[in-house]
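First the structure, in the form of structure tokens, and then the observations on it.
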Amino acid sequence: MSAPITFDNSYADLPDSFYTRQGLQPVNQPTLLKANLDLADQLGIDLAWLQSKEATQVFAGNALLPGADPLATVYAGFQFGTWNPQLGDGRALLLGEILTTTGQRFDLQLKGSGPTQYSRGGDGRSPLGPVLREYLVSEAMHALGVPTTRALAAVSTGEPVYREQPEPGGVLTRIASSHIRFGSFQYFSGQQDLPSLRRLADYTIDRHYPELGASEQPYQGLLSQVIEQVAQLIAKWQCLGFIHGVMNTDNMLITGETIDYGPCAFMDTFKQATVYSAIDQQGRYAYQNQPAIAHWNLMTLAQALLPLLHDNEDIAIEQAKAALQTFPDRFDEHYHAESAVKLGLTPSKVSRALFSEFLALLETHELDFTNSFSGLAGRLNSNTPLLATDDWLQWMANWQAALHENQDKAAARHRMERANPYVIPRNHLVEHAIQQAYREAHFDQFDALLQAVTNPFDPGHADSRFAQAPARDEIVKRTFCGT
Ligand code: AMP
Ligand code: MG
């Protein structure tokens, strides 16, 4: 049989200052819990192999495939606004890169695979709960059309990890178009290592933004591209009620993919100030702050890139400022395009006003974000408001008037049904599924939930339990990093 995965590693060809090579740290008794057949198929990985004993050994970090070159990458980051000059893969291992037959390059990374040079006293491991959580939520995000890292496999290690109490350990195999973070640039900037900074920028352009290679100002182009990708990403988060929870610059990818599913959560009842993460006591990463935080993070990225923008620092600063100033408008444009579709409208002043009024009504009446939107398509031809209150009746009348002017309702309905999911990975469902997996080692709830969240627009789920908001006693208010 030919090799199940053909590696084509490019990050490993970068200088030693970018990473530390790292041997494997085997675990006791790995068991394959989940393997992602669809994703494996896209990556050209043999599906029979994926479920073999050898694959389990590989996904647990017990065995290496030929061509893998495991390394822990170094990066820095602003964590909750505070500069940390050196972080790095403290519990992750880049095994190598896969180049698909269509020419797409992906990182294959183990998360929870043991300590590295960058563990800073941590054990390098992950409890199984966060592994399963990331599997569910990242695959849900992909199905919702949000750029994201993905989950190829989840294994349990057969070894405990010690947190507040002993917990079963797990390893996630993560796929990403790369793991280059804002913090990767910030590390070299902090080290004042200009050659490495330039090398990383060139590598990033070559890998992700090759059209910039021939441009006169490639690094300015890079900054503008990242601003654009991030604007698109955050617009999608906002329109789905997704709260990332740890928008530190080490958790922001240069491609604008979502990464690091720690304390993230989808909102149930709509409230702008919502925060789930137990460690975010000031609410820095609250739902309503995400666009401004993204802007701030981009500002810190631009700062790191300054020496590449121009030899004259004043000119470099002017260029960075000019690029950064575009973010609010870039974000706004994407946000209003996405939000108009959610209402079945084309973007206009009217759709803008209707959308913000809709959100204000959700907040006033403490309504469920997801279900309020998915319920709208069914009201295209009726005046039945979400609640029989004067403010809702008025909103419905305004919305009907806008629809009437805008376009035919069948087209509107079709677009709404692709923008307003029935199913999101709700906290209480995710927790139930993980609890069952923990306590009973059963995956029927996990599998059923995974099936639902990876088909979020399927009207077949509209009346299912997966589409229901939590009952009062089921509401989960806090989420945890799981580190
Ligand atoms: P995160 O909160 O997952 O973004 O992690 C922030 C930093 O802490 C990264 O450098 C991680 O590699 C590191 N880290 C998180 N958990 C652990 C752990 N259990 N052992 C070692 N390093 C960790
Ligand atoms: Mg992280």
Side-chain angles (χ1 to χ4, degrees), residues 18-20 22 25 27 61 70-95 107 109-135 137-138 141 148-151 157 159-176 178-187 190 243-265 275-281 284-285 293-294 297 300-301 479-483:
F18 284 63
Y19 51 76
T20 307
Q22 171 69 55
Q25 298 165 92
V27 297
L71 38 99
T73 71
V74 68
Y75 50 85
F78 285 92
Q79 299 179 299
F80 290 91
T82 303
W83 170 240
N84 194 328
Q86 195 196 295
L87 295 158
D89 295 325
R91 54 161 170 172
L93 216 49
L94 175 63
L95 291 183
D107 277 4
Q109 193 203 54
L110 302 182
K111 185 172 171 189
S113 47
T116 73
Q117 179 112 343
Y118 311 116
S119 294
R120 298 173 298 141
D123 63 0
R125 295 290 177 187
S126 174
L128 185 54
V131 167
L132 295 176
R133 196 165 200 281
E134 174 156 350
Y135 197 113
V137 184
S138 64
M141 290 285 271
T148 178
T149 65
R150 298 194 61 189
T157 61
E159 292 178 4
V161 293
Y162 297 93
R163 297 296 182 259
E164 267 153 31
Q165 64 220 27
E167 298 191 40
V171 180
L172 182 82
T173 303
R174 183 157 71 182
I175 301 294
S178 83
H179 284 84
I180 304 168
R181 303 150 191 268
F182 288 17
S184 311
F185 289 88
Q186 290 167 333
Y187 172 75
I243 305 170
H244 182 280
V246 248
M247 288 176 71
N248 297 335
T249 63
D250 50 304
N251 293 335
M252 300 279 295
L253 290 181
I254 208 76
T255 54
E257 275 163 48
T258 313
I259 190 172
D260 224 310
Y261 291 89
C264 66
V275 177
Y276 286 97
S277 170
I279 57 167
D280 189 4
Q281 278 158 9
R284 178 181 173 88
Y285 299 138
I293 288 290
N297 287 346
T300 67
L301 173 69
T479 54
F480 300 88
C481 265
T483 54

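Note: hydrogens, waters and symmetry copies are ignored here, and every other heavy atom, side chains too, is used. In each ligand, atom 1 is the first atom listed, and ligand 1 is the first ligand listed. Computed from a predicted model, the values in this text were never measured in an experiment.
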Give a yes/no on ligand 1: does G88 have at least one heavy atom closer than 4.0 angstrom to it? yes

Hey, could you give me the OG1/CG distance between T149 and L172, rounded to the nearest 0.5 Å? 8.0 Å

Distance filter under 4.0 Å to L87 heavy atoms, resulting ligand 1 atoms: 10 (O)

Could you state the interatomic distance from CD (E159) to CZ (R125), rounded to the nearest 0.5 Å? 6.0 Å

Considering the heavy atoms of R120, write down every atom of ligand 1 situated less than 4.0 Å from one of them. 7 (C), 8 (O), 10 (O), 13 (C)

Whether the side chain of N251 engages the backbone of V246 through a donor-acceptor N/O pair (distance < 3.5 Å, no angle test) should be reported. yes

Looking at P130, A72, G90, P127, the heavy atom closest to atom 21 (C) of ligand 1 belongs to G90

Using distance alone, decide if ligand 1 has a nitrogen or oxygen within less than 3.5 Å of any nitrogen or oxygen in R91. yes

Could you state the interatomic distance from CD (Q22) to CG (L94), rounded to the nearest 0.5 Å? 12.0 Å

For the ring pair Y187 and F18, is the centre-to-centre distance below 6.0 Å? no

Close approach, R163 and ligand 1, non-hydrogen under 4.0 angstrom: yes

Stepwise side chain to side chain contact (heavy atoms under 4.5 Å, CB included) check, S126 with R91: CA-CA 8 Å; S126 174; R91 54 161 170 172; 3.8 Å; yes

Short side-chain to backbone donor-acceptor contact, R133 and G262, under 3.5 Å: yes

At under 4.0 Å between heavy atoms, is it the side chain or the backbone of Y118 that contacts ligand 1, or both, or neither? neither

Answer with side chain, backbone, both or neither: which part of R125 has a heavy atom less than 4.0 angstrom from an atom of ligand 1? backbone

Within the 4.0 Å heavy-atom shell around Y75, which atoms of ligand 1 are there? 9 (C), 10 (O)

Numbered atoms of ligand 1 (with element) below 4.0 Å of G122, judged on heavy atoms: 20 (N), 21 (C)

If we ignore hydrogens and angles and just use 3.5 Å, is the side chain of H179 paired with the main-chain N or O of L253 as donor and acceptor? no

Does V246 come within less than 4.0 Å of ligand 1, judged by its heavy atoms? no

Shortest non-hydrogen contact from Y118 toward Y19: OH-C, 3.5 Å

Is D89 in polar range of ligand 1, meaning some N or O pair under 3.5 Å apart? no

Of all the atoms in ligand 1, which lie at a distance below 4.0 Å from a heavy atom belonging to G124? 18 (C), 19 (N), 20 (N), 21 (C)

T73-D89 side chain donor-acceptor pair, cut-off 3.5 Å: yes

Is the distance between the Mg ion (ligand 2) and the nearest N/O/S atom of D260 smaller than 2.8 Å? yes

Using a 4.0 Å cutoff against the non-hydrogen atoms of N251, which atoms of ligand 1 qualify? 4 (O)

For D123, the ligand 1 atoms with a heavy-atom partner under 4.0 Å come out as 18 (C), 19 (N), 20 (N)

Using 2.8 Å as the threshold, say whether any N, O or S atom from N251 sits that close to the Mg ion (ligand 2). yes

Criterion side chain to side chain contact (heavy atoms under 4.5 Å, CB included) against Y285, the qualifying member of I243, I279, N248: N248

